[in-house]
Amino acid sequence: MISFDVSIYTSAVGRWLTRQPVGIQLREESRDELGWLADSLDDGIGTVATLMLGTRFLASVGREGLWHERVVRSYREQWKAKHAETVERLAGSNVELASYEVEDVRSWLQKVPGDAPVCSFPPFYGGGYEKLYEPLESHFTWDAPQYDSPSDDDVVSVLGAITDRPYWLTASNHDVPELHRYLRGVIKATPRAAPFYVYASEAPTRIVAPRQPIEPVRVPRLRQGDELVGPLSLAPLKTGQFNALRSRYLNPRIAPGAANHAIAVKDGSGCILGVFAMSPSSYTPDEAYLLSDFAVAPTDYPRLSKLIVLAATSAEAQLLCQRAFSRRVRAVSTTAFSNNPVSMKYRGLLKLTKRGPSNEDGWQYQLQYQGPMGEHTLAEGLQRWAKRWGAPTTKTGS
């Protein structure tokens, strides 16, 4: 098996697998901040391990913010152990290459015999791989090749060169209509990830997607005709139970995420009113991120979702989060996707801090909300909701 590429990361791996000197050094201007990496750069497996770990934290080097500082400090304090563990894992690999060259796909394909199988994943947009490995390029120097970003014509030419042979494999994060008859797989690494399309000359067709565990929730839920009564209570949910309720009640257009702490909100009769899920904020130490919140349906209470938000920001929820995350929690933040400039669910409960275009298909706006946590109890939240939003729908007989 012979290989080629033009990026710093893949070239380090390719050269190591073919027993070539890796040829990558720390930049002089980065030595003040990253001099502690120098002893790990051995022009071989140690350098490869350093780059692998670097993809996880180098983007935070030199950036302001408690989260970025904490990421870099954590890697520095644990560096010897993490680096040794990565070297050990690499040493156990049985992958071998016959040769590796630092070369662009356009020129390399001209050298490959026409009957040789080819596996290639060329960039389908300019600067894709350059942006991916930009943190590595910023802090390491190497004999980087010179090449032009692929134009639209180049992409068509490369695809033609790949597919014009008996056996080939390629992939893209774009659905390529011209290759539909060769589509062999659609991959989604996580529920929120964009699909990845795999094309090949020959292979069985597959769909690869995350599988979430589901567990039954043997607790009644509030239904139409049921009266909501106090007091409210909170009940922790297992991951499978949360997934089951989310699949049943959350808008299917909202991509799910992994929850650290899922809680059911119950009324005085023991019926589930809704669910919220929290995770520790990645950016603010004393903040919890409201990953998901939804009410059961259908019921006689059209604004039941506001009660779930009040429960999620209650003193009782604050205590549960502090226990689960082992740190103080004083605020909550969340993201809403909407085709309206404000979210009616959060309006009057949380403060809109940012409005921008949505990065999710099907929504016009991405809205950031934030607010205090623990300033009211569940009882006070229920009283406030009942007074302002808790009127049930009125049904008239025929």
Side-chain angles (χ1 to χ4, degrees), residues 1-105 108 119-123 127-147 149 171 189-190 193 196 282-283:
M1 184 165 61
I2 61 176
S3 184
F4 73 99
D5 203 1
V6 293
S7 78
I8 183 172
Y9 182 85
T10 51
S11 293
V13 175
R15 286 172 170 177
W16 168 64
L17 289 175
T18 51
R19 297 175 176 82
Q20 302 179 57
V22 173
I24 295 173
Q25 301 295 328
L26 190 65
R27 291 184 181 274
E28 286 296 328
E29 57 268 31
S30 297
R31 289 189 177 276
D32 287 343
E33 289 182 306
L34 297 172
W36 47 278
L37 298 178
D39 291 341
S40 301
L41 302 175
D42 61 359
D43 214 22
I45 190 172
T47 300
V48 174
T50 300
L51 294 187
M52 285 184 168
L53 292 170
T55 60
R56 303 179 184 178
F57 76 91
L58 286 177
S60 292
V61 173
R63 297 183 63 179
E64 295 182 357
L66 292 174
W67 185 80
H68 294 295
E69 294 171 4
R70 190 164 62 247
V71 168
V72 177
R73 184 171 61 251
S74 174
Y75 270 88
R76 181 169 187 170
E77 292 173 351
Q78 303 176 66
W79 180 254
K80 288 186 178 180
K82 285 182 174 291
H83 187 263
E85 178 185 350
T86 306
V87 168
E88 182 180 0
R89 292 174 62 185
L90 286 171
S93 171
N94 59 3
V95 177
E96 293 186 5
L97 291 179
S99 67
Y100 177 85
E101 298 294 335
V102 180
E103 188 172 356
D104 182 66
V105 63
W108 185 81
C119 175
S120 179
F121 306 100
Y129 290 140
E130 289 84 351
K131 188 67 176 177
L132 179 63
Y133 298 122
E134 186 176 36
L136 295 179
E137 294 277 6
S138 298
H139 297 290
F140 294 95
T141 180
W142 69 300
D143 53 332
Q146 299 296 319
Y147 60 93
S149 295
T190 67
F196 200 66
S282 299
Y283 304 99

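Below, all heavy atoms of this structure are taken into account, side chains as well, without hydrogens, waters or symmetry copies. Numbers here are sequence positions counted from 1.
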What's the spacing between [X] [atom1] and [Y] [atom2] if we round to 0.5 Å?
X: Arg27; Y: Thr141; atom1: CZ; atom2: OG1; value: 4.5 Å
X: Glu137; Y: Ile24; atom1: CD; atom2: CD1; value: 8.5 Å
X: Ile8; Y: Tyr133; atom1: CD1; atom2: OH; value: 10.5 Å
X: Ser3; Y: Leu17; atom1: OG; atom2: CG; value: 8.5 Å
X: Arg31; Y: Leu37; atom1: CZ; atom2: CG; value: 10.0 Å
X: Glu29; Y: Ser138; atom1: CD; atom2: OG; value: 9.5 Å

Could you work out, with side chain to side chain contact (heavy atoms under 4.5 Å, CB included) as the rule, every residue matching Pro21, not counting sequence neighbours?
Asp43
Residues that Glu101 engages under salt bridge (charged side-chain N to carboxylate O under 4.0 Å, His left out), provided they are two or more places apart
none
Smallest separation among heavy atoms of [X] and [Y], with atom names:
X: Gly23; Y: Trp142; value: O-CB, 3.4 Å
X: Ser120; Y: Val105; value: OG-CG2, 3.7 Å
X: Val102; Y: Ser11; value: CG2-OG, 3.7 Å

Any non-hydrogen side-chain atom of [X] less than 4.5 Å from a side-chain atom of [Y]?
X: Leu34; Y: Leu58; value: yes
X: Thr55; Y: Leu136; value: yes
X: Thr50; Y: Phe140; value: yes

For residues 68-77, dump all side-chain donor-acceptor pairs below 3.5 Å to protein atoms at least two apart in sequence or in another chain.
{"residue": "His68", "atom": "ND1", "partner": "Ser60", "partner atom": "OG", "Å": "2.9"}
{"residue": "Ser74", "atom": "OG", "partner": "Gln78", "partner atom": "NE2", "Å": "2.8"}

Where the side chain of [X] meets the backbone of [Y], is there a donor-acceptor pair that is under 3.5 Å apart?
X: Asp42; Y: Thr47; value: yes
X: Tyr100; Y: Ala12; value: no
X: Thr18; Y: Gly14; value: yes
X: His83; Y: Ala49; value: no

If you draw a 6.0 Å radius around CZ in Arg56, do more than 12 non-hydrogen atoms from other residues or ligands fall strictly inside?
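No - once you tally the heavy atoms of other residues, nucleotides and ligands closer than 6.0 Å, there are 12 at most.
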Got more than 12 heavy atoms from elsewhere within 6.0 Å of CG, Asp39?
no
Counting only pairs under 3.5 Å, give me each side-chain donor-acceptor contact of residues 85-99, with atom names and distances, residues two or more places apart or in other chains.
{"residue": "Thr86", "atom": "OG1", "partner": "Lys82", "partner atom": "O", "Å": "2.9"}
{"residue": "Ser93", "atom": "OG", "partner": "Val95", "partner atom": "N", "Å": "3.2"}

In sequence, state the C-alpha distance, the side-chain angles, and the governing distance for Ile2 and Trp108, and then conclude on side-chain contact (heavy atoms from CB on, under 4.5 Å).
CA-CA 11 Å; Ile2 61 176; Trp108 185 81; 4.1 Å; yes
Report the relative orientation of the aromatic rings in Phe57 and Trp79; use parallel for angles under 30°, tilted for 30 to 60°, perpendicular for over 60°.
perpendicular
Any residue meeting ring pair (Phe, Tyr, Trp, His ring centres under 6.0 Å) with Trp16, in chain and number order, not counting sequence neighbours
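Partners of Trp16 under the ring pair (Phe, Tyr, Trp, His ring centres under 6.0 Å) test: none.
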Residues which pass ring pair (Phe, Tyr, Trp, His ring centres under 6.0 Å) with His139, listed by chain and number, not counting sequence neighbours:
none
